[in-house]
Number of protein chains: 2
Amino acid sequence: MKKNPEQCQVVVALDMIVGKWKPIIIQHLLSGDILRFNELRRLMPDITQRMLTLHLRELEEQDIVQRVVYPQIPPKVEYSITEYGKSLGPVMDAMHHWGAAHVEHMKLKNEQGASLDGEAN
Amino acid sequence: MKKNPEQCQVVVALDMIVGKWKPIIIQHLLSGDILRFNELRRLMPDITQRMLTLHLRELEEQDIVQRVVYPQIPPKVEYSITEYGKSLGPVMDAMHHWGAAHVEHMKLKNEQGASLDGEAN
DNA sequence: CAGGATCCGTAGGGATACTG
DNA sequence: CAGTATCCCTACGGATCCTG
């Protein structure tokens with residue numbers, strides 16, 4: 001089963017950042033902060049432990065996130081963006097920028113819809 | 001159920017382009033071409049009719065794709081990118097660019113792995 | 001503190017057949 | 001030609017409880 005060889009690097013890129021929480025994790029770490037597991041949890045109150053670990057492990061596997069374990073009790077694990085992960089910055093920025101514009105676009109659309117509803121009465 | 005109000009427009013943007021075939025459809029239409037249903041199918045041989053229609057309808061709903069029906073027999077339906085959809089260009093470009101770089105990154109990683117395997121013998 | 005182990009529900013997607 | 005209509009399957013994510 002081949003995966004479209006030269007075709008569509010967009011999909012390649014998307015595969016790295018899709019996942020319900022992945023983009024958010026990446027955003028937080030792209031700030032440059034080094035964060036512990038529970039710090040990340042606090043930043044994303046709705047994520048479950050399971051999902052946080054799973055996504056972090058994937059991101060580590062993908063060389064986007066660095067995971068540093070301090071062998072001590074109680075445990076301490078720090079997560080940070082890798083140099084390579086930083087290269088995602090422009091991509092995330094582009095999406096952030098477009099997302100913001102999109103919110104505006106939707107606002108306008110809804111206002112139009114509302115005014116049309118008004119006329120209909 | 002609120003959706004992180006001001007937070008993370010990245011997710012907003014992602015929601016518009018995720019889906020197994022959506023990015024590919026967008027890419028094809030971003031070229032500016034006006035394409036008929038079956039033309040799109042031919043461009044994506046592995047997509048099913050069902051998925052193509054579903055994704056096209058979503059994209060239409062999202063105001064990314066314009067759908068024009070010619071009421072004739074046999075039917076003729078043309079799909080094209082909307083003006084608004086074109087604004088996705090920079091986002092797609094950023095991802096395409098990063099995707100290409102990522103492919104290179106993975107190549108290097110694999111070569112390193114291979115050479116390490118070699119040393120282990 | 002930072003997880004691992006289970007169980008479970010749903011949405012996204014595929015296969016196939018039919019139609020105006 | 002450009003779709004519907006069904007049925008089906010699994011991968012992703014959530015909930016909950018346990019542990020070194």
Side-chain angles (χ1 to χ4, degrees), chain A residues 1-4 8 10-12 14-26 28-29 33-62 64-80, chain B residues 1-4 8 10-12 14-26 28-29 33-62 64-80:
Chain A
M1 228 159 255
K2 290 208 300 186
K3 292 276 181 185
N4 320 351
C8 217
V10 173
V11 175
V12 174
L14 270 173
D15 284 345
M16 303 292 284
I17 55 184
V18 286
K20 184 158 182 186
W21 303 98
K22 261 191 194 176
I24 302 167
I25 296 173
I26 293 173
H28 282 302
L29 293 178
D33 292 349
I34 299 175
L35 295 168
R36 298 180 59 171
F37 189 81
N38 277 353
E39 289 180 315
L40 281 165
R41 280 190 72 186
R42 260 168 253 129
L43 291 172
M44 297 171 284
D46 290 348
I47 197 173
T48 61
Q49 294 191 357
R50 171 183 149 81
M51 278 300 111
L52 183 52
T53 48
L54 282 182
H55 279 142
L56 284 170
R57 292 299 155 81
E58 278 186 49
L59 289 168
E60 187 192 3
E61 183 76 14
Q62 296 166 189
I64 304 288
V65 162
Q66 191 186 11
R67 178 171 179 261
V68 178
V69 183
Y70 296 86
Q72 62 183 46
I73 293 185
K76 175 180 175 184
V77 180
E78 286 182 344
Y79 294 93
S80 56
Chain B
M1 224 158 258
K2 291 209 300 185
K3 292 274 183 182
N4 319 351
C8 216
V10 173
V11 176
V12 174
L14 269 173
D15 284 345
M16 304 291 284
I17 55 183
V18 286
K20 184 156 181 188
W21 303 97
K22 262 192 195 177
I24 302 169
I25 295 173
I26 294 173
H28 282 302
L29 293 178
D33 293 348
I34 299 175
L35 295 168
R36 299 181 59 171
F37 189 80
N38 277 352
E39 289 179 316
L40 281 165
R41 280 190 73 187
R42 260 168 253 128
L43 291 172
M44 296 171 285
D46 289 350
I47 197 176
T48 61
Q49 292 192 355
R50 173 184 149 81
M51 278 301 113
L52 183 51
T53 50
L54 282 180
H55 280 141
L56 283 170
R57 293 297 155 84
E58 277 186 51
L59 289 169
E60 187 191 2
E61 184 76 12
Q62 294 165 191
I64 304 288
V65 162
Q66 190 186 11
R67 177 171 178 261
V68 178
V69 182
Y70 296 85
Q72 62 184 46
I73 293 183
K76 175 178 172 183
V77 181
E78 286 182 343
Y79 294 93
S80 56

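Throughout, a chain's letter reflects where its sequence line sits, starting with A, and its residues are numbered from 1.
Residues A:Ile47 and A:Trp21 share a closest heavy-atom pair of CD1-CG, 3.4 Å. The two residues A:Met16 and A:Gln62 make their nearest non-hydrogen contact at O-NE2, 3.3 Å. Closest approach of B:Lys22 to B:Asp15, counting heavy atoms only: NZ-O, 4.0 Å. Residues B:Pro23 and A:Val11 approach most closely at CG-CG2, 4.3 Å, considering heavy atoms.
Side-chain contact between A:Arg57 and A:Leu54 is absent, with no heavy-atom pair separated by less than 4.5 Å. Taking 4.5 Å as the limit, every side-chain heavy atom of B:His28 sits out of range of all side-chain heavy atoms of B:Asp33. At least one side-chain heavy atom of A:Met44 sits less than 4.5 Å from a side-chain heavy atom of A:Ile25. Considering only heavy atoms from C-beta on, B:Ile24 stays 4.5 Å or farther from A:Val10 through its side chain.
Put simply, A:Arg36 has no side-chain N or O that comes within less than 4.0 Å of OP1 or OP2 on C:dG3.
One interatomic measurement links the two molecules: CG of A:Leu52 to C1' of C:dG4, which rounds to 14 Å at whole-angstrom precision. The distance from atom CZ of B:Arg41 to atom P of C:dA15 is 12 Å, rounded to the nearest whole Å. Distance, A:Gln49 CD to C:dA5 C1': 12 Å, rounded to whole Å. When the P atom of C:dT19 is taken as reference, atom CD1 of B:Ile73 falls 16 Å away, rounded to whole Å. In this structure, A:Leu35 places its CG atom 15 Å from C1' of C:dA2, rounding to the nearest Å.
With a cutoff of under 4.0 Å to any heavy atom of chain B, the contacted region of DNA chain D is bounded 5' to 3' by D:dC1 to D:dT6.
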Please write out the pairs of protein N or O atoms and N or O atoms of nucleotides 10-13 of chain C separated by less than 3.5 Å, giving the distance to one decimal.
unit_1	atom_1	unit_2	atom_2	d
C:dG13	OP1	B:Lys20	N	2.6
C:dG13	OP2	B:His55	NE2	3.4
C:dG13	N7	B:Arg50	NH2	3.3

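One distance of note links NE2 of A:His55 with CD1 of A:Ile64; it measures 13.5 Å at 0.5 Å rounding. Atom CE of A:Met51 and atom CG of A:Leu56 lie 11.5 Å apart (nearest 0.5 Å).
Other residues, nucleotides and ligands contribute over 12 non-hydrogen atoms within 6.0 Å of the CD atom of B:Gln72.
Within 4.0 Å (heavy atoms only), A:Tyr79 reaches sugar-phosphate atoms of the nucleic acid but no base atom.
Distances were taken from every side-chain heavy atom of A:Pro75 (C-beta onward) to each of C:dG4, C:dA17, C:dC1; the shortest belongs to C:dC1.
Rounded to 10°, the angle separating the first-five-pair axis and the last-five-pair axis of the helix from C:dC1-D:dG20 to C:dG20-D:dC1 equals 50°.
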